[in-house]
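The structure appears right after this line, and notes come after that.
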Amino acid sequence: VSDTTTLNYANTLATQAHMQADLGNYEEAVSWGEHALRRYEARGDSLQQALMLYTLSTYYTHLGQQERADALSALSLQISHRRGFSQTEADALNQQAIALYKSGQYNQADEIFRQALLLLREAGLAATTSYASVLCNRALCQNKLGSTPTAIALTNEALSLQQGILGLEHGDNVMLLYNLALYHHRLGQMDSVAHYYHRAITLQTQQVRNNFSFQSTRQRELFWQAKNFLYQSAPLFATTPDQTPASLLSDIYDA
């Protein structure tokens, strides 16, 4: 078997993992991803190994297996730093900071997000979706640390960058739009809440309908579990009905 054939097979396994993750089926994603990782390890492909380790860490995080996720992320970071893989090193730092954020260590998480952004800029990778992702995550920290206007600025930067790369209708834009609604809600800026929540819920509903059209019942259940938070959290924005724009009340009702 040629080296090209083994690489193609490993890449196919990795692609299957990504597809399952996109559907919210993280157990299947882990299974495919672990197979791909073993293939990359057997080939001695350090870059793809580091990438797969990082990717698997995100899958395990979704499954609630944080100890396993942290171990894989640390190994990815170690390989990437040693081999000079700036993109993957930044991704691993991002994953490390996410774990700190989830444990309430906001200052430490914010510093690591800042390091990841600096690393990406120094590597000429500031115009990437990875950079937008870290911006979004650092914004979460800034909001928790009481700097909501900074969080809004970081998220707007991330949204502008991501839309320029992926397009206006990409599903990855939903979280950024929703976060902007949350931040403006914290500041009591309800017209802005209405604007961003409408954009988020419209795009999310479009994504759900598009995916449901070809998914099996099980796939629909998994996808819905991963995406329904936008609908479940809608009442949050109606805590003061007399201050809630009519358009926002309509979106909340529809949700």
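When a residue number appears, it is its place in the shown sequence, counting from 1.
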Look at the side chain of [X] and the backbone N and O of [Y], then say whether any donor-acceptor pair between them is shorter than 3.5 Å.
X: Ser73; Y: Ala69; value: no
X: Ser213; Y: Asn210; value: yes
X: Ser250; Y: Ala246; value: no
X: Ser57; Y: Tyr54; value: yes
X: Ser160; Y: Asn156; value: no
X: Asn173; Y: Gly167; value: yes

Closest contact, heavy atoms only, [X] versus [Y]:
X: Glu169; Y: Gln207; answer: O-NE2, 3.1 Å
X: Tyr197; Y: Ala181; answer: N-CB, 3.8 Å
X: Asn94; Y: Ser133; answer: ND2-OG, 4.0 Å
X: Ala127; Y: Leu161; answer: CA-CD1, 3.8 Å
X: Gln215; Y: Gln219; answer: CA-OE1, 3.4 Å

Check residues 141-149 and write down every donor-acceptor pair under 3.5 Å in which the side-chain atom is one partner and the other belongs to a residue at least two apart or another chain.
{"unit_1": "Gln142", "atom_1": "NE2", "unit_2": "Asp110", "atom_2": "OD1", "d": "3.0"}
{"unit_1": "Gln142", "atom_1": "NE2", "unit_2": "Asp110", "atom_2": "OD2", "d": "3.3"}
{"unit_1": "Asn143", "atom_1": "OD1", "unit_2": "Thr148", "atom_2": "OG1", "d": "2.9"}
{"unit_1": "Asn143", "atom_1": "OD1", "unit_2": "Arg186", "atom_2": "NH1", "d": "3.1"}

Do [X] and [Y] belong to the same hydrophobic cluster, where Ile, Leu, Val, Met, Phe, Trp and Tyr are linked whenever their side-chain heavy atoms lie under 4.5 Å apart, directly or via other members?
X: Val174; Y: Leu177; answer: yes
X: Leu187; Y: Leu182; answer: yes
X: Ile152; Y: Leu154; answer: no
X: Leu166; Y: Leu120; answer: yes

Other than Leu77, which residues form its hydrophobic cluster under the rule that side-chain heavy atoms must be closer than 4.5 Å?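 Noted: Leu77 shares its cluster with Leu93, Leu100, Ile112, Leu119.
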Would you check if there is a donor-acceptor pair between the side chains of Thr205 and Tyr231 at a distance under 3.5 Å?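 Indeed, the side chains of Tyr231 and Thr205 share at least one donor-acceptor pair under 3.5 Å.
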Worked check of ring pair (Phe, Tyr, Trp, His ring centres under 6.0 Å) between Tyr59 and Trp32: CA-CA 11 Å; Tyr59 299 163; Trp32 287 103; over 10 Å; no
Any ring pair (Phe, Tyr, Trp, His ring centres under 6.0 Å) involving residues 144-194? Give me the pairs, sequence neighbours left out, ordered by first then second residue.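 Every ring pair (Phe, Tyr, Trp, His ring centres under 6.0 Å) pair that includes a residue of residues 144-194, provided the two are not neighbours, is Tyr178-Phe229, His184-Tyr196, His185-Phe237.
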Could you tell me how the ring of Phe223 sits relative to the ring of Phe212: parallel (under 30°), tilted (30 to 60°) or perpendicular (over 60°)?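 Plane angle over 60°, so perpendicular.
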Heavy atoms from other residues, nucleotides or ligands near CD of Glu27 exceed 12 (cutoff 6.0 Å):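 No - once you tally the heavy atoms of other residues, nucleotides and ligands closer than 6.0 Å, there are 12 at most.
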Does atom CZ (Arg121) have a neighbourhood of more than 12 heavy atoms from anything else shown, all under 6.0 Å?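 Atom CZ in Arg121 is packed in, count exceeds 12.
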Nearest 0.5 Å, please: how far is CG in Leu7 from CG in Asp45?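 So the gap between those two atoms works out to 6.5 Å.
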Point-to-point distance, once rounded to the nearest 0.5 Å, from CD of Gln96 to CG of Asp70: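 Interatomic distance, Gln96 CD to Asp70 CG, rounded to 0.5 Å: 8.0 Å.
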Gln162 and its side chain to side chain contact (heavy atoms under 4.5 Å, CB included) partner, picked from Thr128, Asp172, Leu168, Leu135: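 For Gln162, the side chain to side chain contact (heavy atoms under 4.5 Å, CB included) check succeeds only for Asp172.
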Begin from the C-alpha positions of Arg218 and Glu221 and carry the test salt bridge (Lys or Arg N to Asp or Glu O under 4.0 Å) through to its verdict. CA-CA 5 Å; Arg218 178 57 178 160; Glu221 289 175 356; 3.5 Å; yes
